There are 2 protein chains.
Amino acid sequence: MTVTGFCTDQLVTRVTICTERYAGAMSTETPAVGRPRAFDEETVLDRATEAFWRHGYEGASLSVLTSAMGINRPSLYAAFGSKEQLFQRAFARYHDTQVANARAALGQPTAYASIEAFLRASADGLTDRDHPAGCLSIQGGLACSPENARISEILAAGRAATEAAVEERLSRAAKEGDLPDGMDPGALARFVMALSEGHAVHAASGASREDLHASVDIALRALALRQ
Amino acid sequence: MTVTGFCTDQLVTRVTICTERYAGAMSTETPAVGRPRAFDEETVLDRATEAFWRHGYEGASLSVLTSAMGINRPSLYAAFGSKEQLFQRAFARYHDTQVANARAALGQPTAYASIEAFLRASADGLTDRDHPAGCLSIQGGLACSPENARISEILAAGRAATEAAVEERLSRAAKEGDLPDGMDPGALARFVMALSEGHAVHAASGASREDLHASVDIALRALALRQ
DNA sequence: GTCATTGGCAACCGAGCGGTACAAAACCAG
DNA sequence: CTGGTTTTGTACCGCTCGGTTGCCAATGAC
């Protein structure tokens, strides 16, 4: 993955924790005996991710989840432990597949090109017809019932990790003289992430890919990063 | 209210419907006889609004709501009809009090001043310590369980109404030659709303007022609406 | 084949959900 | 005071929630 250079942040730690928990909870990789599983774990995890993405954490009931995944509850609990652990796996996978695209875009040679690529990749991902519209990091549960407050925190940590990656890229640009004078990398990263999150809200409400790219055009034209 | 000029949109219709329903469901304004109510309707509605704002529609259970409102369930149902109708009243009141501030800011003489005032009023409202951080229009329920899909639609309609108000202001500016050449009012309105919504997401995750205003600075510096 | 081990599935658990029935309490008209 | 009307509070309704139990089917080792 080309974005590992940025990954000194919270999310990766959390994902690691999640993976460890999972490895501890499940049986050994190749069970010598016993009946084989009738489902592929990554496949059903992808389907669970879509259900969370579409309905949010609280809106995705176990009935919705098992129906989407094509397995029943005991299989789900044997494979993933609990609804919350399933969500953590799903969110980690969402980052590895969807968010990674946008983060990888930060590898462009200039700050302007990086931000443009980031925003365009983000807009494309938010309106990809192969997935629910919008962004799991926001739809998953910006506000939750008190007992699920952890979910909101996990999602916020994921968004903060992405913003940190943008800021890191822009800090490098500042050192290289690739940013307009007086432009604060932190504030600019916040601006870029906020716009991307707003696009996610718009996409969830049905905005088209062209709509979002027109907004990106304005942000870029406006940004005047090109020197 | 100074924003009525913009209000030819969906939300006002919906609020009207809501008010009519409410008027039909409740007793006459001054019941001649009977035990008097022990609570003020607007007061408990404000508290319900905060509960929805903080926990979202699905996260705000009846227990949470009645506890926050200081009344019990039968009183809630007698006064408001159902949880969904209570939410509609709360959302309408949210628009009348919170969103109205940002919309009123569009009355500035120039497009630049209007957008700046809109974004700054929005940022201030999102970080007002007298209320939960963020925006009810997004926290209320961007994604819901299938049976509550109506809630997401109502919220999306509210956001669309605000965006339409911004677009209307910018269309006027375009006619008056107050926009840079080739700038599309619709795309610009979408950009402004997206940024504001992203700020709402950030505020919900704990961003400070100063953080948001720094992002607004970039958007404005970038926008180059000043001619 | 026999047997230990594992996964799949129907049925179930206590708890909390949104919503309601009913009777006691608080008011006004007469 | 009495009678009619409305609100209040308790206790409950059917239902779905997240999570679990126990039985049986499917497998590899021997």
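The figures that follow rest on heavy atoms only: side chains count, while hydrogens, waters and symmetry mates do not. Just so we're on the same page: letters track the sequence lines, and every chain starts at 1. Computed from a predicted structure; not experimentally measured.
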>> Is the phosphate of D:dT8 approached by B:Asn72 (side-chain N or O, under 4.0 Å from OP1 or OP2)?
In response: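 So the side chain of B:Asn72 is outside the cut-off, no N or O lying under 4.0 Å from OP1 or OP2 of D:dT8.
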> B:Ser75 side chain N/O closer than 4.0 Å to the phosphate oxygens (OP1, OP2) of D:dT7?
Replying inline: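 Looking at the OP1 and OP2 atoms of D:dT7, neither is under 4.0 Å from any side-chain N or O of B:Ser75.
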> Which letters describe nucleotides 15-25 of chain C, given B = protein heavy atom under 4.0 Å from base, S = only from sugar-phosphate, - = neither?
Replying inline: --SBBBB---B
> If each of A:Phe39 and B:Pro36 is mapped to the nucleotide of DNA chain C with the nearest heavy atom, which maps nearer the 5' terminus, i.e. the 5' end?
Replying inline: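 Its nearest nucleotide being more 5', the pick is A:Phe39.
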Report the distance from atom [atom1] of [X] to atom [atom2] of [N], rounded to the nearest whole Å.
X: B:Ile71; N: D:dT10; atom1: CD1; atom2: C1'; result: 16 Å
X: A:His55; N: D:dC17; atom1: NE2; atom2: C1'; result: 16 Å
X: A:Phe80; N: C:dG8; atom1: CZ; atom2: P; result: 11 Å
X: A:Leu76; N: C:dG7; atom1: CG; atom2: C1'; result: 14 Å

>> When you measure from the side chain of B:Glu167 to the backbone of B:Arg190, do you find a donor-acceptor pair of N or O atoms at a distance under 3.5 Å?
In response: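 Answer holds: no.
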> Which residues pass the side-chain hydrogen bond (donor to acceptor under 3.5 Å, both in side chains) test with B:Thr97, sequence neighbours left out?
Replying inline: none
> What orientation do B:Phe87 and B:Phe91 show, parallel under 30°, tilted 30 to 60°, or perpendicular over 60°?
Replying inline: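 If you compare the ring of B:Phe87 with that of B:Phe91, the planes turn out parallel.
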>> How long is the straight-line distance from CD1 of A:Ile138 back to CG of A:Leu126, given to the nearest 0.5 Å?
In response: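 CD1 of A:Ile138 is found 8.0 Å from CG of A:Leu126.
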>> Let me confirm one number: the CD1-CD distance from A:Ile154 to A:Gln88, rounded to the nearest 0.5 Å.
In response: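 The CD1 atom of A:Ile154 sits 4.0 Å away from the CD atom of A:Gln88.
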> Between B:Tyr57 and B:Lys83, is there a cation-pi geometry (under 6.0 Å to ring centre, at most 45° from the normal)?
Replying inline: yes
